[in-house]
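What follows is a set of notes on a single structure, which appears directly below.
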Amino acid sequence: MTPTPRAPGPITGTQSNDGLLPPLRPSKDARSLSAASFATAKQGQSYGRSMAMPGSFASDLKSFSSRIDLSRPDPATYGAFDESNELTTSEQRQAEYKDKIDKETKIKVGTENLLEALNSKNAKQARDQRKVVEVELNTSNRKIAQLKLDLEAEVHRSKEQQLSPKGRLSQLFQSAPIRSPSHQGQGHLQFEEPEPRLDPEVESPTYILAEILRALESEGSQSDFYVSQANDLVELFKRHPTLKYDLAWTIFGLRMQMMLLSDSREVVAAGYRVMRYAITDRKSVQTIRALQTDYLVILSLVKESKARVEREQALKFVRAFLDVKDGAQEIHPAVVRMVVAVADHADDQLRGIAILTLAEMLLKAPMLVVNAGGVSVLSEAMGNGIYFAPETLIDPFLHLMDMPARRGLLKTGFEFSSAFASFTEPFPGPAHEDRLTASARVVSALFKSWPGLMTLSLHGFLPVRSVVSSLYVMSLPVRTATLDLLIDILRIKPPSWSSSFIGGRRLTTYGRVTNLRTEPQASQGSWKKTADEKQKRSIVQHFTAVALAVLLTQGLLEALMHAESDAPNQALKRRTSLLIAEVLRMASELLPAAWSYGLQAMPGLFDSATNFRSEDRFQAVATVYQVDSINRTLYRSVSGQEAQVKSNEDGAAARARATSKTQVNGALDETQFRAKMIDTQVLNTVNYTKWDWNLIQELIDGPMVNPKRLQEAMVTSKFVHRLLGFLRPFKYRFSDAQNTKANQRYVRTACALLRLLLQTQEAAKYLESNKLVPQIGECLAQQDPMSGLTSRTPLFSPERMSDLLVGGYFAMLGVMCSDSKGMQILERWKIINIFYHIVELKTRDDLVRALLLNLDYTLDSHPRIILSKAMIASSKQMRIAATRILRKYAMMPIEATIIGGGAAEWAIKLLVSQLYDPEIEVCEVAIKILEEACNDITSLEYVVKCRPALDHLGEIGAPLLLRFLSTSVGYHYLDGLDYITKEMDDWFLGRNDTYVTIVEASLARALSDAPGKPPSSPEEGLEPQDFGYVPPHFYRELTRTAEGCELLKAKGHFEEFAATIQDFAMEDEDPETILKVKGCLWAVGNVGSMELGAPFLERTDVIKYIVQIAETSQVMTLRGTAFFVLGLVSRSLHGQEILAEYGWDGTVNVMGESLGYVLPLDLNKLFALEPVSAARRQSSMMIRSRRGSVGDGDPTNAGILNSIVKLGNTVLTNKALAELNGYKNKKAPGFQKPAMFRKAMVLLASHAYRIPQYRFVIDLFDKSVLRKIVLEDEDSESDALDSAPEDGQ
């Protein structure tokens, strides 16, 4: 059974176009699509591969060069051969770049700190060291800049690869037609001339299609000719997507059958590709299946890895069925069995794609996968680390677990156990760490969805106990992986000092540093803490609270204390202590008092610490001390909401202390002041590196506030003159300083000095007479095309702006804009005119951005006009940046006393005007800022007063209109527009259902994001990110006002919602009804969260049914919705009282206000699930075990079929192989008959076989059998594959 010779493989090298590349050249006896190729083969000849086992396979989809077919070039040399490898490699490169950037950033921070320390030393001693450190700092800056550029390029490249049709076969795809030599001679006019690439609107697609099909009809041509025609056909389908709806399948199907029966692997692959692009809907899939493609796909997938191109295109062809509505129902069980066999074959290159395909099938047609035995393959892939994204395989399983009707498809509920086994394996193998990582990702994904959390509660929380018990395992990798997993599950963001602490540093120095770091951030957004923001609680936090409660009930704290006392090394011990402290903090913040009181005493630990007869006492005392130290440091480092309030108080106290210190310093007499001026070294030397900048700042903030001392510093001494001289651009001291963290103090001191000089008229005149401002103006004029000034090396060039401190001049100009005297100086030197011209520059966005970000817009003057100009005339990105600048001013309180309106009114007016910007992204930014500003009632009323028209924005403007409902003024304004009645009917009839999708998507997105992930850009952080929060709901905003409550009462919508919940509380089958109940639950919860909604809850007694759903519903997601809704209801005082009656306890802060986190007193009520009924499980098992009954009247044929059945039994495999080989050697006539082949295929579809067994059985049959089945219409024989029982499909 020698395998038939094949055409050599494709030539190497990447191709930019998407087309199958023909083989390099045909071998001497390679087959083509000629009539000879379809002639009946000699008796006993095989059309499959040989019966011998394959020589070798490469794992993880890596291509390899077969040892048998030496004529093929190594596919590993193909460019972009392995798509999954490409993406993985790209991800690895991105990760490497990020690691390098982190490393260089740490080096840079350390260098800056060292430079700052050296600056405080004696200048003479530290001069050489400073030079070395500055060189190192410049090197770090350059490296970071280069690495960021490389990372951006890599991200861009990977996106292009994902979007473009390049991939594993990119080297095989091109669009240039290659003509057959025989046809070049015969039809020169027809084939020699290249295909015209016309405009799709001009060319005739039907004519081109007819020409291509006519060309494919020819026989005896080389493989490259058919491949190029197929590529042209695919390109035609791409240019004219509607063409495939009008195909004449009698002709088109015959051409495709001929291609799929070719001996050339590339031609077969091209045939699959064309068929894939011809699929339109389920009817077209049925037409394609009538061409006997099920047999062809199975035969392609059975082949050895040498036929990788053909196998991959066959699998992609099957995957195309999943993209069509109900297309999964057209995938035959035999094909699914084949995909399962590929996914279960350890060394198969297509194993990853097969696993992904099975996961998608499990989501769309679960019975197919269950009956084919694919569940166990997917379950194993989750825990053994063979699949690159195991956490994505969880979703189809959780989809099945959600509803009881689907839950019966899973045998035991232990399908997830392979992921948990990695944590408790007694004898870890060599690849144990990889399996641990994969398993941790799966377990983490289970803990991040409500169905996952409910699944973990099965079998008495056995999976959760497995995770907790792994803390008792002494293995270092297991312990480390478990701690990482717990930090991820509980969404703990490690504090900034955690890495140093774990590394061995003490905790004594962190308090002051963290307070200093967080003080400016806390003061930035401290204008408004409105009632609405207090109400805005995260459902992610509520979800984290229940996950924490589940872990604590299964002994998490005891396990952590054991792990701390029994840690393998000091670093792990400290890390465990940190986790204990975080768990205790979270318990006090998120769990009801009844839960957290007992935990804070750390049961058992204090007993050990006070037992003076035991030697364990010292260990226990050390643990208590360590946890207490961490707690105090966590409290100081401002983590948590209450700690944020504390930071505001601390910041206010620090400012008060600084003010008192300034007042003391301001009382210095003349002699003391002169001595301090001399101590700064400003009067002794012009070398600014020798100056004491801390003392200079102290003098500016303190004594020089006194006009007499300021006069002395300006006139009597040269102190101020020297400082301003240092700042002058053409002195090239400040303007040549490196833009480092340490050097930012020069900018801070300069701004403080200018602010001081603008306080008095004399000082302002002194500043006006100085050369500083005119020189800055001259440098700015070099960038102004209207000025006529140019320079070979302009001061504000892009390179100098990024590398040097020249950007600090804009901060100084911003200080001058904040005072009327400063504005007069800028007007005198025509700098304001230059500002107007710079804003119009199209090529210098960096300059415009620096100008707009640093100007002060408090005064009603030129800067406001400049910003409004930038918001209209600039590019889209600049308009977005300019709009974001207004957020700071829109958040300010509106002061009615200011004539003409203050900064807040001006900002709100501009933001309202931005709602009419042609770019929707600009409008979106303006909407978000206005929505945030409307948290303040006064601002909300002013926005309503501006009467914005939001009809043209559609859904984007809806949240802002909902905000208007929260005040009587806004209610009457919207009522006048007839908005409220229309919107109310819209929400009642359908928007409630849409709201469910929005909430669930928001929660899923929030849970999937890493808690410590920084925003991708500084500007992005300005946008309020609402993932994981309850989105604005119409009925909630309506219930804020008495008028809204009256309307809701009159309409009777709340009673309708309550009735729906009452009637369908226990619904567990119809998805549409369940969605409707979820929408009603969210509506009721939003109304109940407001104090004015209490009468509605009291009248309808709806809470009783919501609690019933949360405790007894068999639909997991419905139970989760009820749980979150009860959290909403608990925010109102009346809601808390009602929930207490039903045995649910809420979390409150020290003021007694509800935080919106609620738990049942008996946690088991929340996770009690009824077992799947025995009848339902039995019926699904019966379907699963059904076999096709196949027999034959001929004894020889019956013996062959019996041996094929035995082949699936591992005990009888060798006997079956011997029997089948005996039949083959005797040249049994059944191996020549299509009917026998079909019966064999039915058996292969009905039992579980591995790839080599499939290949062995198919190789038994003569090659001519397939041609007879595919091309001939045999009336006497029915299609056995289709007529067999399709396993319950």
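Throughout, residue positions are numbered sequentially from 1 according to the sequence presented.
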If only side-chain N and O atoms count, and only distance matters, is there a donor-acceptor pair under 3.5 Å linking [Y] with [X]?
{"X": "Arg728", "Y": "Asn770", "result": "no"}
{"X": "Thr740", "Y": "Glu112", "result": "no"}
{"X": "Arg748", "Y": "Gln697", "result": "no"}
{"X": "Tyr916", "Y": "His952", "result": "no"}
{"X": "His837", "Y": "Gln783", "result": "no"}
{"X": "Asn739", "Y": "Gln744", "result": "yes"}
{"X": "Ser968", "Y": "Glu1043", "result": "yes"}

Nearest heavy atoms of [X] and [Y], plus distance in Å:
{"X": "Tyr836", "Y": "Lys869", "answer": "O-NZ, 3.5 Å"}
{"X": "Pro1031", "Y": "Val999", "answer": "CD-CG2, 3.7 Å"}
{"X": "Thr967", "Y": "Gly970", "answer": "OG1-N, 3.1 Å"}
{"X": "Ala763", "Y": "Leu757", "answer": "CB-O, 3.0 Å"}
{"X": "Ala1006", "Y": "Val540", "answer": "CB-CG2, 3.4 Å"}
{"X": "Asp803", "Y": "Gln738", "answer": "O-OE1, 3.5 Å"}

Heavy atoms, side chains only, cut-off 4.5 Å: are [X] and [Y] in contact?
{"X": "Arg800", "Y": "Leu795", "answer": "yes"}
{"X": "Tyr971", "Y": "Leu1047", "answer": "yes"}
{"X": "Tyr809", "Y": "Ser735", "answer": "yes"}
{"X": "Phe835", "Y": "Leu855", "answer": "yes"}
{"X": "Leu772", "Y": "Leu754", "answer": "yes"}
{"X": "Leu886", "Y": "Leu867", "answer": "yes"}
{"X": "Phe964", "Y": "Leu960", "answer": "yes"}
{"X": "Met892", "Y": "Trp906", "answer": "no"}

Report the C-alpha separation of Asn1086 and Thr1039 in whole Å, then their side-chain angles, then the decisive distance to 0.1 Å, and conclude whether the side chain to side chain contact (heavy atoms under 4.5 Å, CB included) test is met.
CA-CA 9 Å; Asn1086 276 285; Thr1039 321; over 6 Å; no
Under a 4.0 Å N-O cut-off, is there an ion pair linking Arg844 with Asp846?
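Judged by the 4.0 Å cut-off on N to carboxylate O distance, Arg844 and Asp846 do form a salt bridge.
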Is the shortest side-chain N to carboxylate O distance from Glu768 to Lys821 below 4.0 Å?
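Looking at Lys821 together with Glu768, the answer is no, because their closest N to O distance does not fall below 4.0 Å.
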Is the [X]-[Y] ring centre distance short of 6.0 angstrom?
{"X": "Phe726", "Y": "Trp693", "result": "yes"}
{"X": "Tyr688", "Y": "Phe734", "result": "no"}
{"X": "Tyr1035", "Y": "Tyr995", "result": "no"}

Side chain to side chain contact (heavy atoms under 4.5 Å, CB included) for Ile825 and Leu758? Distances and angles first, verdict last.
CA-CA 10 Å; Ile825 297 172; Leu758 293 172; 4.3 Å; yes
Nearest 0.5 angstrom please: [X] [atom1] to [Y] [atom2], how far?
{"X": "Leu753", "Y": "Thr749", "atom1": "CG", "atom2": "OG1", "result": "8.5 Å"}
{"X": "Met871", "Y": "Thr883", "atom1": "CE", "atom2": "OG1", "result": "4.0 Å"}
{"X": "Asp856", "Y": "Arg864", "atom1": "CG", "atom2": "CZ", "result": "9.5 Å"}
{"X": "Leu852", "Y": "Ile866", "atom1": "CG", "atom2": "CD1", "result": "8.5 Å"}
{"X": "Ser939", "Y": "Ile908", "atom1": "OG", "atom2": "CD1", "result": "4.5 Å"}
{"X": "Leu1038", "Y": "Met1090", "atom1": "CG", "atom2": "CE", "result": "11.0 Å"}

Just do the salt bridge (Lys or Arg N to Asp or Glu O under 4.0 Å) check on Glu1037 and Arg963 with the steps written out, would you?
CA-CA 7 Å; Glu1037 303 301 322; Arg963 287 282 185 191; 5.1 Å; no
Residues Met704, Val720; criterion side chain to side chain contact (heavy atoms under 4.5 Å, CB included); working and verdict
CA-CA 10 Å; Met704 289 172 65; Val720 175; 3.9 Å; yes
With no hydrogens and no angle check, is any side-chain donor or acceptor of Ser861 less than 3.5 Å from a backbone partner on Pro863?
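A pair under 3.5 Å: no.
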Give a yes or no answer on whether the side chain of Gln759 reaches the backbone of Leu756 with a donor-acceptor pair at less than 3.5 Å.
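Side chain of Gln759 to backbone of Leu756, a donor-acceptor pair under 3.5 Å: no, none is there.
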List the steps, then state whether salt bridge (Lys or Arg N to Asp or Glu O under 4.0 Å) holds for Glu983 with Arg991.
CA-CA 9 Å; Glu983 193 74 3; Arg991 290 276 288 282; 3.2 Å; yes
Pair Arg884-Ile880, side chain to side chain contact (heavy atoms under 4.5 Å, CB included): steps then yes or no:
CA-CA 6 Å; Arg884 285 190 173 123; Ile880 291 174; 3.4 Å; yes
Taking the inter-plane angle between the rings of Tyr889 and Tyr857 on a 0 to 90° scale, is it parallel (under 30°), tilted (30 to 60°) or perpendicular (over 60°)?
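Perpendicular: the ring planes of Tyr889 and Tyr857 meet at over 60°.
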